[in-house]
Asks: 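Take this structure, written in structure tokens, and hold onto it; I'll ask about it next.
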Amino acid sequence: MLEATGLMVFYENMLALNNVHVRCKAEEIVGVFGANSAGKSTLMYTLSGIMEDIRKKEAMAGGERVTILGEIRYQGRDIGGIKPSSRARDGIILCPERRRIFKESSVMENLKIGAYLATPSQAKASLEYVFTLFPALKNLRKRVGGFLSGGEQQMLAIGRALMAQPKLLLLDEPLMGLSPLIQATLVRSTRIIRDQKKISLIVTEQYARPVLPIVDYAFILENGAAVLEGRRGELLDNPDVRAAYFGVN
Ligand code: ATP
């Protein structure tokens with residue numbers, strides 16, 4: 001489905017991603033875990049193409065602040081130079097960190113904005129799907145985004161991403177700042193999305209523990225480099241890894 005190799009991203013002289021290799025197969029959930037500043041958002045921006053956009057804009061303004069190296073293959077094609085809008089059309093949809101919903105628009109408007117890549121019948125079916133997955137959103141559909149709780153905003157952000165017909169959904173820290181109860185709901189929904197929609201997902205999080213039960217494969221990022229990777233079972237079978245990275249004894 002997607003394979004990125006030798007990814008290096010520099011912000012000026014600062015190395016934000018150091019020779020990262022990430023792979024996500026069809027219908028897999030891949031976890032990318034790492035502390036603040038480990039490079040999770042940089043990775044998501046690079047895969048979705050936003051980083052390439054930032055690089056181009058900087059270059060047009062005469063600067064060369066951002067450098068991106070490495071290869072990203074998606075569905076057998078090299079997509080490294082392809083702009084984010086084309087990647088989205090091909091099914092790579094980013095649900096960014098800190099939700100980024102339109103706070104002045106209603107729930108319904110936010111969801112409709114997400115449907116910009118969908119046909120009318122896809123939009124209708126996806127809307128029904130989102131309301132089945134997150135019934136709370138249906139009751140709140142006229143509410144302005146900014147008046148939703150953090151958990152509701154995250155549901156809306158995921159719902160909006162689903163409206164864009166993803167084949168590979170990139171969830172950047174979806175659990176950030178939410179209560180354990182809401183986190184559990186969102187983790188469960190993530191697995192349901194994969195099972196029902198048969199799509200692939202890459203999920204970043206600072207803490208592995210809440211997401212680990214649903215991932216097929218995981219990478220640990222430290223200072224921009226993948227220091228550890230493996231299938232969930234392999235990682236959990238290693239007692240040192242369990243204690244050091246997953247807070248599980
Ligand atoms: P967080 O959990 O805090 O979001 P993260 O793992 O997503 O962290 P990134 O946001 O990818 O980490 O940042 C990786 C490194 O790159 C950090 O040291 C950060 O300060 C730096 N960085 C990120 N964006 C920029 C930028 N636009 N210009 C310069 N440096 C940046």
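Order of listing sets the numbers, starting from 1, for every ligand and every atom in it. Every value quoted in this text rests on a predicted model; they were computed, and no experiment measured them.
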Asks: How far is atom 10 (O) of ligand 1 from the closest protein heavy atom, and which atom is that?
Replies: Ser41 CB, 3.7 Å
Asks: Check Glu173 against ligand 1 and report side chain, backbone, both or neither, counting heavy atoms closer than 4.0 Å.
Replies: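 The answer is the side chain of Glu173.
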Asks: Do any nitrogen or oxygen atoms of Ala16 come within less than 3.5 Å of a nitrogen or oxygen of ligand 1?
Replies: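 Such a contact does not occur with ligand 1.
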Asks: Looking only at protein heavy atoms, which one is nearest to atom 27 (N) of ligand 1, and how far off is it?
Replies: Tyr11 CE2, 3.7 Å
Asks: Determine the sole option in Arg231, Lys198, Arg232 for which the salt bridge (charged side-chain N to carboxylate O under 4.0 Å, His left out) test with Glu28 is passed.
Replies: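 When salt bridge (charged side-chain N to carboxylate O under 4.0 Å, His left out) is applied between Glu28 and each of Arg231, Lys198, Arg232, only Arg231 qualifies.
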Asks: Examine Ala38 against ligand 1 and note whether any of their N/O atoms are separated by less than 3.5 Å.
Replies: yes
Asks: Between Gln206 and ligand 1, find which residue part has any heavy-atom pair under 4.0 Å and reply side chain, backbone, both or neither.
Replies: neither
Asks: For atom 19 (C) of ligand 1, is some protein heavy-atom partner under 4.0 Å away?
Replies: no
Asks: Return the closest protein heavy atom for atom 9 (P) of ligand 1 as residue, atom name and distance.
Replies: Thr42 OG1, 3.6 Å
Asks: Any ion pair linking Asp216 and Arg194 (charged N to carboxylate O, less than 4.0 Å)?
Replies: yes
Asks: Would you mind checking if Glu229 and Arg23 are paired as a salt bridge, meaning a charged N to carboxylate O distance below 4.0 Å?
Replies: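 Salt bridge flag = no for Glu229 with Arg23.
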Asks: Of the protein's non-hydrogen atoms, which lies at the shortest distance from atom 14 (C) of ligand 1, and what is that distance?
Replies: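 Its nearest protein heavy-atom neighbour is Ser37 O, 3.5 Å.
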Asks: Would you say the side chain of Met108 lies within less than 4.5 Å of the side chain of Leu127, judging by non-hydrogen atoms?
Replies: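 Yes; the side chains approach each other to less than 4.5 Å.
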Asks: Kindly indicate, with the supporting measurements, whether the criterion side chain to side chain contact (heavy atoms under 4.5 Å, CB included) is fulfilled by Tyr45 and Val9.
Replies: CA-CA 10 Å; Tyr45 281 163; Val9 175; over 6 Å; no
Asks: How far is atom 12 (O) of ligand 1 from its nearest protein heavy atom, and which residue and atom is that?
Replies: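 The closest heavy atom on the protein side is Gly39 N, 3.2 Å.
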Asks: Nearest protein heavy atom to atom 3 (O) of ligand 1, by residue and atom, and its distance?
Replies: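 In this structure, atom 3 (O) of ligand 1 has Asn36 OD1, 3.0 Å as its nearest protein heavy atom.
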Asks: Between Arg55 and Glu52, is the salt bridge (charged side-chain N to carboxylate O under 4.0 Å, His left out) condition met? List the steps.
Replies: CA-CA 5 Å; Arg55 187 194 67 74; Glu52 179 60 20; 2.9 Å; yes
